[in-house]
Amino acid sequence: VRLVESGGGSVQPGGSLRLSCVVFGSNFSLAEMSWYRQPPGEERKVVAQIDRNSFTLYADSVEDRFTISRNNAQNTLYLQMNNLKPEDTAIYYCRYGYNGEFWGQGTQVTVSS
């Protein structure tokens, strides 16, 4: 199983980004998928989760600003991030959970004026 993230970048506060994670060699439709983030000098923590039935959960800090979604036909996970804040600056990782745990390489998101 291989995960490839994209879509990170630098934006000003209040801006938006959309992260994508394409999963190769997997049973994507059966997997629980998640986005995690790791700010500089801090631990990696979950941001949003979506199960095989598209039931979603969010960290309190991103509720109402971020939206996780999946396209099973394209084996792709998304994270739409709106109203970005400086504290959202981190490396964002995609996690695949089915018959094991697999991670992407991460994509940098920087929010700064």
Side-chain angles (χ1 to χ4, degrees):
V1 178
R2 185 167 66 96
L3 290 75
V4 179
E5 298 121 332
S6 61
S10 295
V11 295
Q12 294 186 340
S16 298
L17 285 173
R18 188 193 197 201
L19 305 183
S20 298
C21 172
V22 181
V23 184
F24 299 92
S26 69
N27 289 303
F28 182 82
S29 63
L30 301 179
E32 178 179 287
M33 299 298 301
S34 309
W35 286 100
Y36 282 68
R37 68 184 181 188
Q38 186 169 16
E42 298 184 26
E43 295 182 351
R44 190 178 301 187
K45 294 182 180 179
V46 64
V47 173
Q49 299 171 286
I50 185 168
D51 71 7
R52 65 180 68 180
N53 297 313
S54 293
F55 179 76
T56 59
L57 287 173
Y58 295 93
D60 289 344
S61 59
V62 306
E63 186 83 55
D64 297 327
R65 298 190 298 122
F66 291 10
T67 302
I68 188 171
S69 62
R70 63 194 299 163
N71 183 326
N72 289 339
Q74 297 185 346
N75 285 6
T76 303
L77 178 72
Y78 299 101
L79 186 68
Q80 177 67 43
M81 305 185 294
N82 297 328
N83 190 23
L84 283 160
K85 304 176 180 180
E87 52 264 41
D88 295 318
T89 295
I91 300 174
Y92 284 70
Y93 297 90
C94 173
R95 177 190 176 276
Y96 169 95
Y98 183 77
N99 285 344
E101 178 183 74
F102 300 88
W103 294 84
Q105 81 287 353
T107 185
Q108 177 70 47
V109 172
T110 302
V111 185
S112 174
S113 56

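Contacts of Ser16 classified as side-chain hydrogen bond (donor to acceptor under 3.5 Å, both in side chains), with partners at least two apart in sequence or in another chain: Asn82.
To the nearest 0.5 Å, atom OG of residue Ser20 and atom CG of residue Asn71 are 10.5 Å apart. For the atom pair Tyr92 OH and Leu79 CG, the distance stands at 7.5 Å (nearest 0.5 Å). In this structure, CE on Met33 lies 12.0 Å from CG on Leu30, to the nearest 0.5 angstrom. Distance check, rounded to the nearest 0.5 Å: OG of Ser26 to CG of Asn99 gives 11.0 Å. Between the CZ atom of Arg70 and the CG atom of Asn75 there is a distance of 9.5 Å, given to the nearest 0.5 Å. Note: Phe66 CZ to Leu19 CG = 8.0 Å, rounded to the nearest 0.5 Å.
In the hydrophobic clustering of this structure, Tyr36 does not group with Leu84; members are Ile, Leu, Val, Met, Phe, Trp, Tyr whose side-chain heavy atoms approach within less than 4.5 Å, directly or through other members. The hydrophobic clustering, which links ILVMFWY residues whose side-chain heavy atoms are closer than 4.5 Å, places Tyr93 and Ile50 apart.
Between Asn83 and Arg65 the shortest heavy-atom distance is O-NH1, 3.0 Å. Counting all heavy atoms, side chain and backbone alike, Thr76 lies closest to Val22 at OG1-CG2, 3.8 Å. For the pair Phe28 and Leu77, the tightest heavy-atom approach, listed with the atom from each and the gap, is CZ-N, 3.9 Å. Taking both residues in full, the closest heavy atoms of Ser113 and Pro13 are given as N-CD, 3.7 Å, listed atom of the first, atom of the second, then distance.
Residues Tyr98 and Val1 have side chains not in contact (no heavy-atom distance under 4.5 Å, counting atoms from C-beta outward). No side-chain heavy atom of Val11 sits less than 4.5 Å from a side-chain heavy atom of Met81.
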Quiz: residues 55-62 side-chain donor-acceptor pairs under 3.5 angstrom, not counting sequence neighbours:
residue: Tyr58; atom: OH; partner: Ile68; partner atom: N; Å: 2.9
residue: Ser61; atom: OG; partner: Arg37; partner atom: NH2; Å: 3.4

Return all side-chain donor-acceptor pairs below 3.5 angstrom for residues 102-110, not counting sequence neighbours, or 'none' if the list is empty.
residue: Trp103; atom: NE1; partner: Glu101; partner atom: OE1; Å: 3.4
residue: Gln105; atom: NE2; partner: Glu5; partner atom: O; Å: 3.3
residue: Thr107; atom: OG1; partner: Gly8; partner atom: N; Å: 3.2
residue: Gln108; atom: NE2; partner: Ala90; partner atom: O; Å: 3.4
residue: Gln108; atom: NE2; partner: Thr110; partner atom: OG1; Å: 3.3

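Proximity of a side-chain donor or acceptor of Tyr96 to a complementary backbone N or O of Asn27 within less than 3.5 Å is detected. Side-chain atoms of Arg95 never come within 3.5 Å of backbone atoms of Val46 as a donor-acceptor pair (strictly under, hydrogens ignored). A donor-acceptor pair under 3.5 Å is formed between the side chain of Thr89 and the backbone N or O of Val111.
Note that Arg2 lies in the cation-pi zone of Phe24, set by a 6.0 Å cut-off to the ring centre and a 45° limit from the axis.
Few gaps surround CD on Glu63; more than 12 heavy atoms of other groups in view lie less than 6.0 Å from it.
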